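Right, one structure below, let's go through it.
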Amino acid sequence: MKAQNHIASYYAATANDRTRHPALEGTVKADVCVIGGGFSGVATALTMAERGRSVVLLEANRIGWGASGRNGGQMIGGISGEAAIKRQHGAAGAKLVRDIRYRGHEIIEGRIAKYGISCDLKHGWMEVAARPSHMRAIRAHVAERIKDGDGDHLEIVEPQNMPRVLGTTSYHGGVIDPRSGHLHGLNLCLGEARAAVNLGVRIFEETPAVALEGGAKPWVKTERGRVEAETVVIGGEIFDNFDQPRLKGLMLPTGSYIIATEPLSDAVVAAINPQDLAVADSNVVVDYFRLSADRRMLFGGRCNYSNRDPTDIGASIQPRMIGIFPQLADAKIDFAWGGRIAIIVDRVPAVGRLAPNLYFLQGYCGHGVNASHIAAEIVSDAICGTTERFDLFDRIRHVRLPLSDLFGNQMLALGMLYYRLRDLL
Ligand SMILES: Cc1cc2nc3c(=O)[nH]c(=O)nc-3n(C[C@H](O)[C@H](O)[C@H](O)COP(=O)(O)OP(=O)(O)OC[C@H]3O[C@@H](n4cnc5c(N)ncnc54)[C@H](O)[C@@H]3O)c2cc1C
C-alpha cells in the first residue's frame, strides 16, 4: 500500500502545519500504541500523553489524511444513535447521552485555548427542516431536551422567520444550537498532533499497521517495524478489521463530497448566511454547508446512490447548492473533494475492547468531530481504570452485516437509496 498525501481540498490548501513525521523503522516500545492519525487516534494519543503515558502513534498516510482532514467541519452536539443507546441501557443510557452531549466541544475548546490551536472555531449550528413535516420532529426534540434540563439554549426558528436567518426559501424552519458550531478540521487535527508531539508522543507517518495482537504482551507490526506496548488502540474509522471477528461487518463506508466556492463578497455573505451558522438539513441523507473563515461556501452532501466516487464532484453538488442559494450561480468552484463516512447500522459509535489491552473506537456516522473526542476520552479513561461510560458502549449489541466484505457496498447503496426515497416522500 503506497502512502498518500492529503487529498487536494480547501483544507489541505489552508493547512497551517506542514510537518512531516518519519516512518517507523525497527522496534520501539511504549505504554500505548495508537493506530490512526485522525481525530480519534490523535485525541487518544494526546489524552494519554497528558496523563503521563508514553505513546507511539502510527498513521498509514499523513496526520489528518482521512475523514478528519476532509469533513464539513460541523461541530454538532450529541452523538449518533442516541435512541438506540437509550433503548438498550434505559435510564443509564439516557444519563450517558445527556452527560456526554457537549463533552467533545469542551475538549476541543479547551485544547484550542490551552495549546493555541488556530482552527477557525465559530459558534452557531442549525438544523433546518427540509420539509414542513420535519418541523414536528425538531419541535419534539427541543421539547424533550428542555424537559431534560438541557435545551434552554436551543432556539426554534419559525418558518416565517427563516428569511432573517438564511437567504433561501428551501427550508421550513429549524433550530439553532449556539453551543455547537464549525471549524477547520484538518487544522484542529494537526494542532492536536503538534501538542501531542510536544508532550513526547512519537508520531510515525507513512506507517500502516499490518498486524496486531492484544493479550498479555500486545504488539503491532508495520511494514518495516514493530511496536511493543502495554495497550494497543485501533484509533479511528479504519476500514481494516485486522482479522478481529468483532469488527467484521460493523462499519460500512459511504461517500460524502464537498465543494468550496471562491471567497464571497460581503454582500453575498450578508444575504445568504448573516449569522455565519453551520447548517445541516433534516434529511437522513443530509446536505450540509457553512462558510469558511475566508468566506467561501463549503457545501457538502451525497453525490449518488451507487456508493462509488463520482467522476465530477462539482457537477453533481453545484446544482444542489445553486438550487438552495441562487445567489451563488456565478460563484466559481475552487475545490471539490470527498471522503468516507463510517456508518454503523444501528448508528451507535463502536467503542469497545477486543482483548484485555486492545481497544477500538470508530463509526461516528457523520458526527465525528464531537464524537471522536468523546470516544477518545472514554477509551483513555478505560485504559487508566475508569470504565463506567466505556462499559456502556462496550455492552451495546451492534447490528453486524453478514457477508459485508463481499456485498457491503451494494447493501449500503440500497440502504441509502431507501432513506433518500423516504426523505423525498
Ligand atoms: C466528507 C465528509 C464530511 C464530514 N462532515 C462532518 C461534519 O461536518 N461534522 C462531523 O462531526 N463529522 C463529519 N464527518 C465525519 C468525521 O469527519 C469523522 O467521523 C471523523 O473525522 C473520524 O475520525 P477518525 O479519526 O475516527 O477517522 P479518520 O479521520 O478517517 O482517521 C483514520 C486514519 O487512520 C489511518 N489508517 C487507516 N488504516 C491504517 C492502518 N492500517 N495503520 C495506520 N493508520 C491507518 C488513515 O490514513 C486515517 O488518517 C464527515 C466525514 C466526511 C468524509
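Along the sequence shown, residues carry numbers from 1. We use all heavy atoms of the structure for the numbers below, so side chains are in, but hydrogens, waters and symmetry mates are not. Whatever order the structure lists ligands and atoms in, that order sets their numbers, starting from 1. The shown structure was predicted, so the numbers you read here are calculated from the model rather than taken from an experiment.
Evaluated by nearest non-hydrogen atom to atom 18 (C) of ligand 1, the leading choice among Q362, E237, R302 is E237. Nearest to atom 1 (C) of ligand 1 by heavy atom, out of G73, G338, S256, is S256. Of the options S68, G255, G339, P253, the smallest heavy-atom separation from atom 53 (C) of ligand 1 is shown by G339. Atom 31 (O) of ligand 1 has its nearest heavy-atom neighbour, among G301, A376, G41, G38, in G38.
For ligand 1, the atoms lying closer than 4.0 Å to a non-hydrogen atom of F39 are 21 (O), 25 (O). Distances below 4.0 Å separate heavy atoms of I238 from the following atoms of ligand 1: 34 (O), 36 (N), 37 (C), 38 (N), 39 (C). For ligand 1 and L58, the ligand atoms under 4.0 Å from any heavy atom of the residue are 43 (C), 44 (N). With ligand atoms numbered from 1 in the order given, ligand 1 contributes 10 (C), 11 (O), 12 (N) to contacts under 4.0 Å with heavy atoms of H367. Close contacts of ligand 1 with R340, meaning ligand atoms under 4.0 Å from a residue heavy atom, involve 53 (C). Which parts of ligand 1 touch I35 is read off a 4.0 Å heavy-atom cut-off, strictly below it: atoms 42 (N), 43 (C). For ligand 1 and G66, the ligand atoms under 4.0 Å from any heavy atom of the residue are 29 (O), 30 (O), 48 (C), 49 (O). Numbered from 1 in the order shown, with element, the atoms of ligand 1 that lie under 4.0 Å from a heavy atom of P208 read 42 (N), 43 (C).
Residue, atom and distance of the protein heavy atom nearest to atom 5 (N) of ligand 1 are G72 N, 2.9 Å. Looking from atom 52 (C) of ligand 1 to the surrounding protein, the closest heavy atom is I341 CG1, 3.6 Å. Taking atom 40 (C) of ligand 1 as the reference point, the nearest protein heavy-atom neighbour is A209 N, 3.7 Å.
At least one heavy atom of F242 sits closer than 4.0 Å to an atom of ligand 1. No heavy atom of G300 sits closer than 4.0 Å to any atom of ligand 1.
No side-chain donor-acceptor contact under 3.5 Å links N71 and Y11. In summary, the side chains of S316 and R302 do not present any donor paired with an acceptor at a separation below 3.5 Å, with no hydrogens or angles considered. For the residue pair T254 / R340, no side-chain donor-acceptor distance below 3.5 Å is found, with atom types taken as modelled. In this model, a donor atom of one side chain and an acceptor atom of the other lie less than 3.5 Å apart for S40 and Y364. Between the side chains of T47 and R53, not a single donor N or O lies within less than 3.5 Å of an accepting N or O. Remark: the T14 side chain and the H184 side chain contain an N/O donor-acceptor pair separated by less than 3.5 Å.
Ring to ring, Y102 and H153 are close: their centroids are under 6.0 angstrom apart. No close placement of the Y288 and F299 rings is indicated, their centers lying 6.0 Å or farther apart.
The pair D150-R98 does not count as a salt bridge, with every side-chain nitrogen at least 4.0 angstrom from each carboxylate oxygen. The pair D148-K95 does not count as a salt bridge, with every side-chain nitrogen at least 4.0 angstrom from each carboxylate oxygen.
Contacts of Y364 with ligand 1, taken as heavy-atom pairs under 4.0 Å, involve the side chain alone.
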